[in-house]
J.: 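Mind looking over this structure? Questions follow.
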Amino acid sequence: MENQDPTPPAAAPAPNPERKTLDDRAKMTELERIRHSCAHVLATAILRLWPDAQFAYGPPVENGFYYDLECSHRISPEDFAKLEEEMKKEIKANNVFEKLTVTREQAIADAQSGRLGGLAERPGNASKFKLDLLKNIPEGEPISYFKNGDFIDLCAGPHVMRTGNIGAFKLTTVAAAYYKGDEKGPQLQRIYGTAFKNKTALEEWLKLQEEAKRRDHRKIGAEMNLFAFDADFTGPGLPLWLPKGGAILEELEKLAKETEFQAGYVRVKTPHLAREKMYTTSGHLPYYAESMFPPMQMKLEPEQETRVLNLQRRLEVVHEANSTIEQVIADQRRKKNSNFSSENLEQVQSELGSYKSEASTLNADIETLLSGNRYYLKAMNCPHHHRIFAAEPRSYRDLPLRLAEYGTCYRYEQSGELFGLMRVRSMNMNDAHIYCTPEQFADEFRAVNEMYLKYFKIFGLGKYQMRFSTSAPEGLGKKYVNEPELWKQTEDMVRKVLVESGINFVEVANEAAFYGPKIDVQVWSAIGREFTIATNQVDFAVPAKFGLTYRDRDNTDKTPLCIHRAPLGTHERFIGFLIEHYAGNFPLWLAPDQVRVITLGDDAPLLAAGKALVHELRQNFVRVTGDFTNEPIKAKIANAEHARVHTMLVLGPRDLEAGNVSVRLHTGGPQGAKPTAQVVADIVQSIKERRA
RNA sequence: GCCAGUGUAGCUCAGUGGUAGAGCAACGGUUUUGUAAACCGUCGGUCGUCGGUUCAAUCCCGACCACUGGCUCCA
């Protein structure tokens with residue numbers, strides 16, 4: 001099963017779907033039609049039980065379908081049996097999916113009467129989402145309904161012919177979803193289900209889901225003692241790497257360090273935290289404060305404290321003066337026959353203005369003093385690396401400068417987003433920043449991409465996709481630094497390299513990093529989960545904010561370009577991915593338990609030979625253990641198999657006499673007896689070559 | 001952060017309004033073995049936490065915490 005082709009990219013709708021054209025819709029596969037139709041049947045069933053339900057979207061998705069709705073009843077999985085009963089009735093009735101084309105006026109009238117997405121007219125309960133959807137249908141595009149039984153839905157189709165064509169279905173889960181994916185919009189109930197042509201296909205899918213559960217990195221990670229979460233003591237999203245997981249971590253680091261060394265990188269090391277100034281300068285704090293752990297406010301030095309106290313005292317005085325003046329003005333306004341002349345008023349108001357401006361100066365001064373003693377856990381390594389760049393004068397001769405570091409970063413991911421190792425709050429990054437001139441950019445960028453491909457080959461990753469994320473004009477100055485010209489230049493540069501190197505990529509607008517375009521590498525784990533494991537970003541903005549320069553040939557100072565790259569992403573996510581990719585059956589070089597020497601019984605000569613073999617392997621840097629207990633050989637093998645020990649070496653009297661060991665592989669069963677020296681040499685060589 | 005579900009021994013899971021059980025693991029013994037589990041015994045749980053209802057709560061109710069499935073987010 002290993003190296004099985006991962007599930008191909010899903011035809012799931014893009015996160016903020018641009019309107020599909022009718023032509024796009026006509027391309028729906030038969031399975032998608034079944035699922036889309038099943039969504040209508042689900043709506044029909046829901047309405048029979050809870051007639052006030054209002055429906056929004058009900059599309060087919062990767063593994064089934066959903067329908068978003070608003071309803072006074074809170075649907076829970078306990079309702080599924082009832083709902084499925086109703087759905088079965090509708091399918092059994094074998095109603096035709098009848099397409100009706102209507103005028104916009106008619107559609108609006110039907111939505112207002114509550115008829116759309118309903119079984120009948122519902123006075124006082126207009127089909128509000130359908131009304132909204134109608135607005136999005138461009139003038140001139142035909143408006144159509146689909147009707148099955150009493151249920152009429154605003155829908156462009158296509159559908160299967162009859163409800164009876166839905167061979168098999170199952171409701172799977174309920175979730176909340178925001179209308180149109182907008183966090184500020186109304187929250188709807190989303191009912192997920194799946195449907196297939198027939199029962200066999202459904203059962204196959206259910207079996208696949210079971211298999212996926214078995215391959216889940218969280219399950220295998222626990223079975224193999226790779227990592228643990230200790231929510232009570234360490235905190236959620238903060239994994240503890242156990243020795244066996246640590247071994248994998250170590251191997252990946254070794255791989256990266258060797259690869260990067262050969263590629264001309266230099267290694268640096270930076271602290272886990274930094275002053276606030278670091279992140280206000282980098283621009284991260286204004287843009288991403290929410291994703292950072294809150295700051296640590298350190299105690300002030302006595303003189304600083306005195307200054308703050310003085311400033312605060314003055315601020316109090318100013319505030320008091322402020323409110324007195326405001327009071328006076330308010331009083332005068334209330335009194336109609338005021339003897340307060342307009343000149344007086346003006347004077348008082350200007351006084352107020354100057355107090356206000358003093359207050360804001362005071363606040364800023366206090367803030368400056370405090371912020372100097374405020375530290376943040378780093379959410380990224382780049383600002384630190386920028387300061388390393390700044391630590392020495394740089395010449396164009398020093399470029400490209402490739403700073404690499406295994407830096408641990410901390411991000412305050414929202415509680416609902418934590419997900420095993422794939423989404424954590426502390427992460428080991430395979431990070432590096434390449435500072436280069438614009439002329440060097442293409443070569444450097446290409447070399448980084450090649451490094452990705454080298455890694456993918458080692459790990460046997462056949463299916464991947466590069467996502468080239470670019471900016472969008474409307475986000476400039478908000479989501480993205482406001483440098484339209486630089487955006488265009490760098491995006492063109494990146495695009496050119498991608499096209500030239502013939503890498504398969506898709507371009508996605510409006511998803512860039514705030515400081516430049518980026519490339520994310522998406523892969524699909526063996527159980528069909530999609531992950532972004534690697535990232536490669538261009539940064540034309542932040543080096544300038546840090547005032548980074550190099551002296552060029554023409555004796556002027558120039559700002560370098562910076563490439564952020566992390567081909568192995570975070571090790572947390574990468575290992576999570578690898579666990580699922582290999583189903584825990586790692587190749588020898590990665591396996592936490594590489595070799596176990598198992599003696600047949602515990603006779604002294606066997607024991608001595610076994611210990612000597614363990615010693616020899618360990619001196620060759622093989623992760624080896626010995627099982628010299630007096631348990632039956634079957635039990636010892638079973639234990640080793642459960643622990644997913646890659647290679648088992650059995651030593652019995654027969655082997656001892658012949659100078660052999662009997663080799664057994666976790667993934668391949670017994671391999672027969674071989675000369676000990678040859679076996680040791682093979683193992684060492686396989687690890688050295690990082691054989692698959 | 002939002003919606004829903006789940007929480008019993010290290011792991012996999014039973015179970016009940018009258019303060020809990022199995023298998024595996026661990027530990028101690030017996031067994032001396034040729035490739036997925038030899039036998040006997042021992043230890044192990046404030047039934048996620050805190051409140052409430054009750055004569056009595058692991059069970060019913062509430063809040064919180066964590067995890068899971070989604071949504072939003074992901075430098």
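Every chain is numbered from 1, with letters handed out A, B, ... down the list of sequences.
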J.: Could you check whether A/Tyr192 gets within reach of a base, just the sugar-phosphate, or nothing at all, counting any heavy atom under 4.0 Å?
T.: sugar-phosphate
J.: Measure CG/A/Leu171 against P/B/A4 and give the value in whole Å, please.
T.: 18 Å
J.: How far, in whole Å, is B/U33 from B/G69 if one measures between their P atoms?
T.: 49 Å
J.: Checking only heavy atoms, does the side chain of A/Glu631 share a donor-acceptor pair with the base of B/U33 at less than 3.5 Å?
T.: no
J.: If we check side-chain contact (heavy atoms from CB on, under 4.5 Å) with A/Val624, which of these qualifies: A/Ile683, A/Val597, A/Asp593?
T.: A/Val597
J.: Among B/G69, B/U35, B/A4, which is the nearest nucleotide to the side chain of A/Ala175?
T.: B/G69
J.: Let's see if you can work this out: which of B/C71, B/U35, B/A66 has an atom nearest to the side-chain heavy atoms of A/Tyr178?
T.: B/C71
J.: Heavy atoms under 4.0 Å, any strand shown: does A/Gly569 hit a base, just sugar-phosphate, or nothing?
T.: nothing
J.: Using a cut-off of 4.0 Å on non-hydrogen atoms, how would the nucleic acid contact of A/Asp602 be classed: base, sugar-phosphate, or nothing?
T.: base
J.: Using a cut-off of 4.0 Å on non-hydrogen atoms, how would the nucleic acid contact of A/Ala177 be classed: base, sugar-phosphate, or nothing?
T.: sugar-phosphate
J.: Would you mind pulling out the nucleotide paired to B/A22, Watson-Crick or G-U wobble, both distances under 3.5 Å?
T.: B/U12
J.: Hey, does A/Ala640 reach any base, or is it just sugar-phosphate, or nothing, if we go heavy atoms under 4.0 Å?
T.: nothing
J.: Could you walk me through whether A/Trp50 and A/Asp79 satisfy the side chain to side chain contact (heavy atoms under 4.5 Å, CB included) test, starting with their C-alpha distance in whole Å, then the side-chain angles of each, then the deciding distance to 0.1 Å, before giving a yes or no?
T.: CA-CA 11 Å; A/Trp50 305 288; A/Asp79 298 316; 3.9 Å; yes
J.: Would you mind pulling out the nucleotide paired to B/C60, Watson-Crick or G-U wobble, both distances under 3.5 Å?
T.: B/G52
J.: Where the side chain of A/Lys634 is concerned, which of B/G1, B/G34, B/U35 is the nearest nucleotide?
T.: B/U35
J.: Taking the nucleotide of RNA chain B with the closest heavy atom to each, which residue, A/Arg423 or A/Gln414, is nearer the 5' end?
T.: A/Gln414
J.: Assess A/Arg425 against A/Tyr410: is NZ or CZ under 6.0 Å from the centre of the six-membered ring, and within 45 degrees of the ring's axis?
T.: no
J.: If the C1' atom of B/A66 is compared with that of B/C50, how far apart are they to the nearest Å?
T.: 15 Å
J.: For the side chain of A/Pro632, starting at C-beta, report the closest nucleotide among B/G69, B/G34, B/A38.
T.: B/A38
J.: On a plain distance test, is the side chain of A/Arg190 in donor-acceptor contact with the base of B/A4 below 3.5 Å?
T.: no
J.: Measure from the ring center of A/Tyr406 to the ring center of A/His571 and say whether it is less than 6.0 Å.
T.: yes
J.: Could you give the distance separating B/G70 and B/C13 at their C1' atoms, to the nearest angstrom?
T.: 27 Å
J.: Specify the residue among A/Pro236 and A/Met292 whose closest nucleotide of RNA chain B lies further upstream toward the 5′ end.
T.: A/Pro236
J.: Pairing check on B/C2: which nucleotide meets the Watson-Crick or G-U wobble criteria with it, both distances under 3.5 Å?
T.: B/G70
J.: Rounded off to whole Å, could you give me the CG-to-P distance for the A/Asn63 and B/G69 pair?
T.: 14 Å
J.: Look at the side-chain N and O atoms of A/Arg218 and state whether any lies under 4.0 Å from the OP1 or OP2 oxygen of B/U68.
T.: yes
J.: Rounded to the Å, how far apart are A/Phe293 CZ and B/A75 P?
T.: 17 Å
J.: Distance check, C1' atoms only: B/G17 and B/C59, in whole angstrom units.
T.: 7 Å
J.: In whole angstroms, how far is the P atom of B/C73 from the CD atom of A/Glu290?
T.: 12 Å
J.: Could you state the atom-to-atom distance from CG of A/Leu651 to C1' of B/U35 in whole Å?
T.: 13 Å
J.: Using the P atom as the reference point in each nucleotide, state the distance between B/G15 and B/A9 in Å, no decimals.
T.: 15 Å
J.: Give a yes/no on whether any side-chain N or O of A/Tyr412 is located under 4.0 angstrom from OP1 or OP2 of B/G1.
T.: no
J.: Looking at B/U72, B/G5, B/C2, which one has an atom nearest to any side-chain atom of A/Pro77?
T.: B/G5
J.: Taking the same atom, P, in B/G44 and in B/G7, what whole-Å distance lies between them?
T.: 26 Å
J.: Give one of base, sugar-phosphate or nothing for A/Leu600, where a contact means two heavy atoms less than 4.0 Å apart.
T.: base
J.: Tell which nucleotide pairs with B/G7, taking only Watson-Crick or G-U wobble pairs whose two distances are both under 3.5 angstrom.
T.: B/C65
J.: Would you say the base of B/G34 and the side-chain of A/Ser662 have a donor-acceptor pair closer than 3.5 Å?
T.: yes
J.: Under 4.0 Å, heavy atoms only, any strand: does A/Ala635 hit a base, just the sugar-phosphate, or nothing?
T.: sugar-phosphate
J.: Any N or O donor-acceptor pair linking the side chain of A/Asp232 to the base of B/G48 at under 3.5 Å?
T.: no
J.: From the options B/G69, B/A36, B/C67, select the nucleotide whose nearest atom is closest to the side chain of A/His666.
T.: B/A36
J.: Closer than 4.0 Å, any side-chain N/O of A/Arg411 to the OP1 or OP2 of B/C74?
T.: no
J.: So is A/Arg215 actually on top of A/Tyr582's ring, under 6.0 Å and inside 45° of the axis?
T.: no
J.: Answer yes or no on whether A/Arg35 is positioned over the face of A/Phe65, meaning its NZ or CZ is under 6.0 Å from the six-membered ring centre and within 45° of the axis.
T.: no
J.: In the strands shown, is B/G28 matched to any nucleotide by a Watson-Crick or G-U wobble pair with both distances under 3.5 Å, and which?
T.: B/C40
J.: After noting the C-alpha distance and the side-chain angles of A/Phe389 and A/Phe546, does the key distance pass the ring pair (Phe, Tyr, Trp, His ring centres under 6.0 Å) rule?
T.: CA-CA 10 Å; A/Phe389 187 96; A/Phe546 278 97; over 10 Å; no
J.: Given A/Tyr515 and A/His564, is the ring pair (Phe, Tyr, Trp, His ring centres under 6.0 Å) satisfied, shown in steps?
T.: CA-CA 11 Å; A/Tyr515 46 64; A/His564 306 234; 4.6 Å; yes
J.: For A/Leu656 and B/U32, what is the distance between atoms CG and P respectively, to the nearest whole Å?
T.: 21 Å
J.: Does a side-chain N-to-carboxylate-O contact under 4.0 Å join A/Asp132 and A/Lys180?
T.: yes
J.: At under 4.0 Å between heavy atoms, what does A/Arg654 touch on the DNA or RNA strands: base, sugar-phosphate, or nothing?
T.: base
J.: Nearest whole Å is fine: how far is B/G69 P from A/Met422 CE?
T.: 11 Å
J.: For A/Tyr279 and B/A75, what is the distance between atoms OH and P respectively, to the nearest whole Å?
T.: 17 Å
J.: Check the phosphate of B/C74 against A/Arg573, side-chain N and O only, distance under 4.0 Å to OP1 or OP2. Yes or no?
T.: no
J.: Looking only at side-chain N and O atoms, does A/Lys518 come under 4.0 Å of OP1 or OP2 in B/A75?
T.: yes
J.: Side chain of A/Thr173, heavy atoms from C-beta onward: which of B/C2, B/G69, B/U35 has the nearest atom to it?
T.: B/G69
